[in-house]
Number of protein chains: 2
Amino acid sequence: MTQDLFKEKWAIYEQHISQKGLKSTRQRDVIVEEFFGEHEHLTVEELWQRVRKIDSKIGYATVYRTLKLLSESGLAHKRQFGEAQARFEHATDHHHDHLICMSCHQIIEFENDEIETLQERVCKKHKFQLVHHKMELYGYCEKCSAKKGRGI
Amino acid sequence: MTQDLFKEKWAIYEQHISQKGLKSTRQRDVIVEEFFGEHEHLTVEELWQRVRKIDSKIGYATVYRTLKLLSESGLAHKRQFGEAQARFEHATDHHHDHLICMSCHQIIEFENDEIETLQERVCKKHKFQLVHHKMELYGYCEKCSAKKGRGI
DNA sequence: GTTGATGCAAAGTATTTGCAGAGGG
DNA sequence: CCCTCTGCAAATACTTTGCATCAAC
């Protein structure tokens, strides 16, 4: 993520904090910075492992609470990709869907307007009022396909 | 479901049972019959409530174990529709996706080949080997839309 | 100094499992 | 009879919450 985008997100986060009369704390700053700094889809566990390296005293519950806060301020989205644990992704201004590698758990984001149009058509046909949707394609990414092909 | 389809599914279930050297029991028969008999997407809790009315001694764990059995024999599919509890649907010979009413939890199944084709194209573009996918459209069904419109 | 935040441990959910006794084949 | 199944309760996995203490503002 660019420095500008980082600052913009940080500003939204601080605005949300002050708007709600909440406090900025050392722990929150570490967690939010680490979350923004990575362009990945982290689980709570993974994020906790990372922040612990910066401040080993940060508790599991604080990571949960901070991610909830980020979700509420619209900066993070909770996702369930068929695993037991939820993953959190950075909010983006554009809607996107996901390719999920069943081997290395890499997540690739993609957009496809044609599919979106067809989805709307399906809803119309069923007189269904669409609010949001979820499309997840599960399989093997290029790297993992190759590994499997070589019998690894 | 038609009587023929019911018998066909029952036959697959019995075949799976005997193939694996498993036993047919009173409890399993009640659970499987109740599951096949409803064309819904039930949670374990909901199915348990139904079978309890037939045999109040049937335990929660047995329902879980029987649904696992049905999943293994390919007669049921476990689904997570954004709720905490999983729902189980009848296996069908055709792939389909879902419209999920956020108000009444009704689930409408639909098929759309055009979308499937586009999905494959997305995967090709990312050199991704597709295994399966999940597309869920969340919103309000015709009935619930109308209710909301009238302010109910 | 208030009031919200933290860390811990305990509680909460959904699901799975160990085990002793029951019951199919 | 043997071996699987059942019901119960305990265990598990992830997440949330209560509470005493701590730290922002």
Side-chain angles (χ1 to χ4, degrees), chain A residues 13-35 41-73 76-88 105, chain B residues 13-35 41-73 76-88 105:
Chain A
Y13 160 66
E14 291 201 315
Q15 191 195 330
H16 184 80
I17 288 280
S18 67
Q19 222 169 37
K20 282 203 156 186
L22 305 177
K23 291 169 181 172
S24 160
T25 67
R26 180 176 43 79
Q27 292 94 326
R28 271 192 197 154
D29 289 358
V30 170
I31 295 166
V32 172
E33 194 164 340
E34 193 62 23
F35 177 72
H41 292 73
L42 297 172
T43 62
V44 173
E45 171 76 27
E46 287 163 355
L47 183 53
W48 182 62
Q49 294 293 351
R50 284 163 192 261
V51 299
R52 276 216 307 169
K53 286 182 188 160
I54 298 162
D55 181 344
S56 61
K57 298 246 179 49
I58 292 178
Y60 217 98
T62 304
V63 179
Y64 267 104
R65 285 190 273 231
T66 305
L67 282 171
K68 194 178 182 183
L69 199 60
L70 288 176
S71 299
E72 284 163 4
S73 24
H77 289 310
K78 195 178 189 174
R79 303 267 181 215
Q80 293 285 163
F81 291 122
E83 300 163 287
Q85 305 162 56
R87 288 184 179 273
F88 288 80
H105 300 104
Chain B
Y13 160 67
E14 292 202 313
Q15 190 195 332
H16 184 80
I17 287 280
S18 69
Q19 220 169 38
K20 281 204 156 187
L22 305 177
K23 288 169 182 173
S24 160
T25 68
R26 178 178 44 79
Q27 292 94 324
R28 282 222 263 251
D29 289 357
V30 170
I31 296 165
V32 172
E33 193 164 341
E34 193 63 22
F35 177 73
H41 292 73
L42 297 172
T43 60
V44 173
E45 172 75 29
E46 288 165 354
L47 183 53
W48 181 61
Q49 293 292 353
R50 284 163 191 263
V51 298
R52 276 215 308 170
K53 287 181 188 160
I54 299 162
D55 180 344
S56 61
K57 298 246 179 48
I58 292 179
Y60 218 97
T62 304
V63 179
Y64 266 103
R65 285 189 274 232
T66 305
L67 282 171
K68 194 177 183 184
L69 199 61
L70 288 176
S71 299
E72 286 163 3
S73 25
H77 290 308
K78 196 179 190 174
R79 303 269 182 213
Q80 292 285 163
F81 290 124
E83 300 163 289
Q85 302 158 297
R87 288 185 179 273
F88 287 81
H105 299 103

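To find a chain, count down the sequence lines: A is the first, B the second, and so on, and within it residues start at 1.
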Working note: B/R28 + B/I17, criterion side chain to side chain contact (heavy atoms under 4.5 Å, CB included); need CA distance, chi angles, decisive distance, verdict. CA-CA 11 Å; B/R28 282 222 263 251; B/I17 287 280; 3.9 Å; yes
Produce the list of close N/O pairs, under 3.5 Å, pairing protein atoms with atoms of nucleotides 1-3 of chain D; give distances to one decimal.
| unit_1 | atom_1 | unit_2 | atom_2 | d |
| --- | --- | --- | --- | --- |
| D/dC3 | O2 | B/K23 | NZ | 2.8 |

Stepwise, does the side chain to side chain contact (heavy atoms under 4.5 Å, CB included) test hold for A/Q80 with B/Q80? CA-CA 9 Å; A/Q80 293 285 163; B/Q80 292 285 163; over 6 Å; no
If you measure from CH2 on A/W48 to CD1 on A/I58, what distance do you get to the nearest 0.5 Å? 10.5 Å
Give me the residues of residues 60-69 of chain B where at least one heavy atom lies under 4.0 Å from an atom of DNA chain D, by number, or none. B/A61, B/T62, B/R65
Does the side chain of A/F88 come within less than 4.5 Å of A/V44's, by heavy atoms? yes
All side-chain hydrogen bond (donor to acceptor under 3.5 Å, both in side chains) counterparts of B/S71, not counting sequence neighbours: none
To the nearest Å, give me how far apart CZ (A/R28) and C1' (D/dA23) are. 12 Å
If you walk 5' to 3' along DNA chain C, what is the first nucleotide with an atom under 4.0 Å of a heavy atom in chain B, and what is the last? C/dA14 to C/dG25
Over all strands shown, is B/K78 touching base, sugar-phosphate only, or nothing at heavy-atom distances under 4.0 angstrom? sugar-phosphate
Length of the CD-P vector between A/E83 and D/dC14, whole Å: 10 Å
To the nearest 0.5 Å, how far apart are NE2 in A/H41 and NE2 in A/H77? 10.0 Å
Does any residue of residues 51-59 of chain B have a heavy atom under 4.0 Å from DNA chain D, and if so, which ones, in number order? B/K57, B/I58, B/G59
Between B/S24 and B/A84, which has a closest nucleotide on DNA chain C that is more 5'? B/A84
Exactly one of A/T25, A/L69, A/T62 should register a side chain to side chain contact (heavy atoms under 4.5 Å, CB included) with A/I31. Which one does? A/T62
So does A/Q85 get a side-chain nitrogen or oxygen closer than 4.0 Å to the phosphate oxygens (OP1/OP2) of D/dA13? no
Partner residues of B/R87 under the salt bridge (charged side-chain N to carboxylate O under 4.0 Å, His left out) criterion, sequence neighbours left out: B/E46, B/E83
Does the side chain to side chain contact (heavy atoms under 4.5 Å, CB included) test come out yes or no for A/H16 and A/K20, once each step is laid out? CA-CA 6 Å; A/H16 184 80; A/K20 282 203 156 186; 3.7 Å; yes
Closest non-hydrogen atom pair between A/F35 and A/L47, with its separation: N-CD1, 4.0 Å
Does a side-chain heavy-atom distance below 4.5 Å link A/T43 with A/F81? no
In whole Å, I'd like the distance from the CH2 atom of B/W48 to the C1' atom of D/dG7. 11 Å
